[in-house]
Number of protein chains: 2
Amino acid sequence: MKNNNKIPPATVKRLPIYLQCLELIDEKTIGISSKKLAELAKVNDAQVRRDLSYLGTLGTRGVGYEISTLRNQLQLELGLVEGWSAVIVGVGNLGSALAHYGGFQERGFGVVGLFDDDPRKINKQIAGLVVKPISEMQNTCEKYNVAIGIIATPGKVAQEIADKLIECNIKSILNFAPVLLKNTADVQIRSVDLSQELQILSYYLDRPVLKAVK
Amino acid sequence: MKNNNKIPPATVKRLPIYLQCLELIDEKTIGISSKKLAELAKVNDAQVRRDLSYLGTLGTRGVGYEISTLRNQLQLELGLVEGWSAVIVGVGNLGSALAHYGGFQERGFGVVGLFDDDPRKINKQIAGLVVKPISEMQNTCEKYNVAIGIIATPGKVAQEIADKLIECNIKSILNFAPVLLKNTADVQIRSVDLSQELQILSYYLDRPVLKAVK
DNA sequence: TGCATTAGTGAAAAATAATAACAAAATTCC
DNA sequence: GGAATTTTGTTATTATTTTTCACTAATGCA
């Protein structure tokens, strides 16, 4: 399939899962079939082939996929190779958790700044970084050419922070505050509302028969 | 529409958003039209009516919806009224963040237990609760009839914890560890992988034209 | 060479979602 | 009181997306 930039959302959601599945495989193994990968990822094997075909022609007919190639392409497609930098705004428990979270660094995201406006938090050291006041954010973002802003503040200041991040020329925002942020044309916003997740889960609590939303 | 238990996933995902929108409204206002709510939630107004119709006949033609009724029904449908209890396993930064997170209590989820097997954490007090060893989990779950287990442990022990939670007769799991948990027939599992979220965001980083996955 | 295997993909089918459009019910205004 | 207006509930339609089937094309191996 032509690599024309148009991977369906449902597929994009599965790419990180495939990547994760590959990590589970014994290092000595060098190849994997769509059938086996499908099994690990708990999807149909035609789905796997279809999904991977969006990334280009990666496999070999009659043989399967070479794991290292697959991993590289997945990482490339997900933009995990270019090493995006991120800043975290709000260093309460959630912000700290995110700062400590190994998964980010591992997958090519470097957290280069922590910001908060609480004087008790400023200058505290967390995960090797010093917490700075939000007024210094612009500076850091320019210096490191930061692409991602992570909002872990209380809801009521989240929009204000988002606006500031946009002013800093950030390209995407990952929002953990429980509010709907205003959409902006050229900034991708992705929200994770922890209690919303719990609410959705809760909906399915008394309905064990139904399939849960993914 | 008959209230026959079958709300489409896309709708279930919007219900918490509607609930959130209602919270933004001035307390004195008692009614709201589908058009206005649509505007707040940033969706089509026909969509709002369609979505709400799954909950029963809540509005009044020519008038609109009574906010308090709407809120009650949304909460009821989402199961936020029955007061589910939850336990959190793993009290690192993320677990602590979740324990402190006001949103849960507010929306009807009571966190009744914190568990960890790190001796340095046991007996620590967090958000008014004392951290206990995982061996005591069964006990707490029975005592409080806990319905939800929240996993905030490192990935490598997550499956083991999930199994233990299932043994404790929990009904749903909200998993924050970056692993795919094995599916079990009568336990709903919902996973939030923070770095997966970031990876999906990252995919859209160089493709600002595309619409991001919801 | 022939058989077994497995990727890539067109096309069909299925599932899901969104929207338009309008009758029915309620209110307001004359 | 009745016409005009508003706004819901719902049917029907359309659109979109996703999944799966089924087959062809490579490849390896005996």
Side-chain angles (χ1 to χ4, degrees), chain A residues 1-15 17-18 22 29-70 73-74 77 200 203-204 210-214, chain B residues 1-15 17-18 22 29-67 69-70 73-74 77 200 203 210-214:
Chain A
M1 179 154 288
K2 283 151 285 159
N3 194 346
N4 62 357
N5 252 6
K6 266 214 205 153
I7 304 188
T11 296
V12 173
K13 274 196 179 175
R14 278 187 296 265
L15 297 184
I17 297 176
Y18 296 143
L22 294 182
T29 316
I30 54 171
I32 189 169
S33 68
S34 58
K35 199 171 155 213
K36 178 79 181 139
L37 184 52
E39 204 178 289
L40 292 174
K42 288 157 192 153
V43 295
N44 181 294
D45 60 318
Q47 181 105 78
V48 169
R49 293 198 296 282
R50 164 62 42 104
D51 283 345
L52 296 180
S53 77
Y54 288 112
L55 312 189
T57 300
L58 305 182
T60 310
R61 293 171 188 220
V63 182
Y65 299 89
E66 199 193 339
I67 292 178
S68 66
T69 309
L70 205 48
Q73 283 301 316
L74 283 168
E77 195 62 38
I200 294 172
Y203 171 79
Y204 291 102
L210 299 181
K211 219 173 65 185
V213 234
K214 285 287 147 48
Chain B
M1 178 152 288
K2 280 153 286 161
N3 196 349
N4 62 356
N5 251 8
K6 264 209 201 164
I7 303 188
T11 295
V12 173
K13 274 195 180 175
R14 278 188 295 268
L15 297 185
I17 298 177
Y18 296 142
L22 293 183
T29 314
I30 54 169
I32 190 169
S33 68
S34 58
K35 198 169 156 214
K36 179 74 181 147
L37 183 52
E39 203 177 290
L40 291 174
K42 287 158 192 153
V43 296
N44 182 295
D45 61 315
Q47 181 102 80
V48 169
R49 293 198 297 280
R50 161 59 51 99
D51 284 345
L52 296 181
S53 77
Y54 288 110
L55 310 190
T57 301
L58 305 181
T60 310
R61 295 172 187 219
V63 181
Y65 299 89
E66 200 194 338
I67 292 178
T69 308
L70 206 48
Q73 282 302 315
L74 283 167
E77 195 61 38
I200 294 171
Y203 170 80
L210 299 182
K211 218 173 64 186
V213 233
K214 285 287 146 51

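The figures here come from the full heavy-atom set of this structure, side chains too, leaving out hydrogens, waters and symmetry mates. First the proteins, then the strands, lettered A, B, ... as listed; each starts at 1.
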For a 4.5 angstrom cut-off between non-hydrogen side-chain atoms, does A:L52 reach A:L37? yes
Below 4.5 Å, heavy atoms only, C-beta onward: do A:V43 and A:I17 meet side chain to side chain? no
Under 4.0 Å between a side-chain N or O of [X] and OP1 or OP2 of [N]?
{"X": "B:Y65", "N": "D:dG9", "value": "yes"}
{"X": "B:N44", "N": "C:dT19", "value": "yes"}
{"X": "B:R14", "N": "C:dA18", "value": "yes"}

[X] has an atom [atom1]; how far is it from atom [atom2] of [N], in whole Å?
{"X": "A:L55", "N": "C:dT9", "atom1": "CG", "atom2": "P", "answer": "12 Å"}
{"X": "B:D51", "N": "C:dT19", "atom1": "CG", "atom2": "C1'", "answer": "12 Å"}
{"X": "A:I32", "N": "C:dT5", "atom1": "CD1", "atom2": "P", "answer": "18 Å"}
{"X": "A:I7", "N": "D:dT17", "atom1": "CD1", "atom2": "P", "answer": "15 Å"}
{"X": "B:D45", "N": "D:dG9", "atom1": "CG", "atom2": "C1'", "answer": "13 Å"}
{"X": "B:R49", "N": "C:dA21", "atom1": "CZ", "atom2": "P", "answer": "13 Å"}
{"X": "B:K13", "N": "C:dT16", "atom1": "NZ", "atom2": "P", "answer": "13 Å"}
{"X": "B:R50", "N": "C:dT16", "atom1": "CZ", "atom2": "P", "answer": "15 Å"}

Of all the choices, C:dA7, C:dA17, D:dG9, which nucleotide is nearest to the side chain of B:T57 once you look at every atom? D:dG9
Nearest-nucleotide pick for B:P8, side chain only, options being D:dG9, D:dT8, C:dA17: C:dA17
Closest heavy-atom pair, B:L58 versus B:Y65, reported as atoms and distance to 0.1 Å, is C-CD2, 3.9 Å
Looking only at non-hydrogen atoms, find the nearest pair between B:T29 and B:I67 and report the distance. O-CD1, 3.7 Å
Could you point out which residue of B:V48, B:I7, B:D51 forms a side chain to side chain contact (heavy atoms under 4.5 Å, CB included) with B:R14? B:D51
Considering residues at least two apart in sequence or located in another chain, which fulfil the side-chain contact (heavy atoms from CB on, under 4.5 Å) criterion with B:S33? B:K35, B:K36
For B:L58, answer base if it contacts any base atom (sugar-phosphate contacts may also be present), sugar-phosphate if it contacts only those atoms, and nothing otherwise; contact means non-hydrogen atoms under 4.0 Å. sugar-phosphate
Contacts of A:R49 that satisfy side-chain hydrogen bond (donor to acceptor under 3.5 Å, both in side chains) - sequence neighbours left out: A:S34, A:D45
Please enumerate all protein N or O atoms sitting under 3.5 Å from an N or O of nucleotides 25-29 of chain C, with distances to 0.1 Å.
unit_1: C:dA26; atom_1: O4'; unit_2: B:R61; atom_2: O; d: 3.2

